[in-house]
Amino acid sequence: EAEVAQSPRYKITEKSQAVAFWCDPISGHATLYWYRQILGQGPELLVQFQDESVVDDSQLPKDRFSAERLKGVDSTLKIQPAELGDSAMYLCASSLDVWRDTQYFGPGTRLTVL
Amino acid sequence: KQEVTQIPAALSVPEGENLVLNCSFTDSAIYNLQWFRQDPGKGLTSLLLIQSSQREQTSGRLNASLDKSSGRSTLYIAASQPGDSATYLCAVIKGIYNQGGKLIFGQGTELSVKP
């Protein structure tokens, strides 16, 4: 069964350093999402792509976060510089159809900022 | 602004018990509602998706209901098992004209089923 792949699974960094997360969606899925989940809370959408275009980044802290999906397939989320409050689980999801299909989630990247 | 609340935040039950998890939302103009399961340190697994025109969905021992007018959904788990222990998340799907469905999550209910 096809799955959403994410790497790394765990990342420990010091504040002010740069970090990057990678996501490979299920083949053929045009829509890709990045979520941030703080411990004890539900995920919150950071950015949504349709193919290579950003369709929603209203909750993305653009002063330090950036996301790209250059060829409309895999995607990278970057934080520079990392802050203590960025410690969270970063989840990637993809869907075939933005309206009717469910979102399939990857295993996530657990980020700890020291 | 749409808000999603799940009660209780945590629940511990003995094996074999039937249980109900609750989800409420403030804006009834939702497209769909979805229940997810999350194991510790893992991603989310979709359990049930209820279309806005539907009242309920069933999958095995799980049954989810939706009452849009009252802003409520429930997830019923029959004959609970230790393997059901996980966090259960409710998400409403709000339709955005040019963006598709946007998931807005509750904070989850952490379920522990004791042998």
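In what follows, every chain begins at residue 1, and chains take the letters A, B, ... in the order their sequences are listed.
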ask   = Less than 4.5 Å apart, any side-chain heavy atom of A/Leu91 and any of B/Leu44?
value = yes
request  = Can you establish whether the number of heavy atoms outside B/Arg72 located under 6.0 Å from its atom CZ is more than 12?
outcome  = no
query = Should B/Ile77 and B/Val13 be regarded as members of a common hydrophobic cluster, given that ILVMFWY residues are connected when their side-chain heavy atoms come within less than 4.5 Å of each other, either directly or indirectly?
reply = yes
request  = Determine the option with the most heavy-atom pairs under 4.5 angstrom with chain B, choosing from A/Gly40, A/Pro107, A/Cys92, A/Pro43.
outcome  = A/Pro43
key: hydrophobic_cluster_shared for A/Val73 and A/Tyr33, side chain cutoff 4.5 Å   = no
request  = Give the cluster check for B/Tyr76 versus B/Leu33: same hydrophobic cluster or not, with ILVMFWY residues linked at side-chain heavy-atom distances below 4.5 Å.
outcome  = no
message = What part of B/Gln38 gets within 4.5 angstrom of chain A, counting heavy atoms only: side chain, backbone, both, or neither?
response = side chain
request  = State yes or no: do B/Leu11 and B/Trp35 share one hydrophobic cluster built from I, L, V, M, F, W and Y residues joined by side-chain heavy-atom distances below 4.5 Å, directly or via other members?
outcome  = yes
message = Working to the nearest 0.5 angstrom, can you tell me the gap between B/Phe105 CZ and A/Tyr35 OH?
response = 5.0 Å
ask   = Quick one: CZ on A/Arg110 to NZ on B/Lys42, what's the gap to the nearest 0.5 Å?
value = 12.5 Å
inquiry  = Testing the 3.5 Å rule here: is there a donor-acceptor pair between the side chains of B/Gln34 and A/Gln103?
reply    = no
task = Find out whether B/Leu89 and A/Gln37 are in side-chain contact, i.e. whether some heavy atom of one side chain is under 4.5 Å from a heavy atom of the other.
result = yes
Within one Ile-Leu-Val-Met-Phe-Trp-Tyr cluster: A/Tyr90 and A/Leu84, side-chain cutoff 4.5 Å = yes
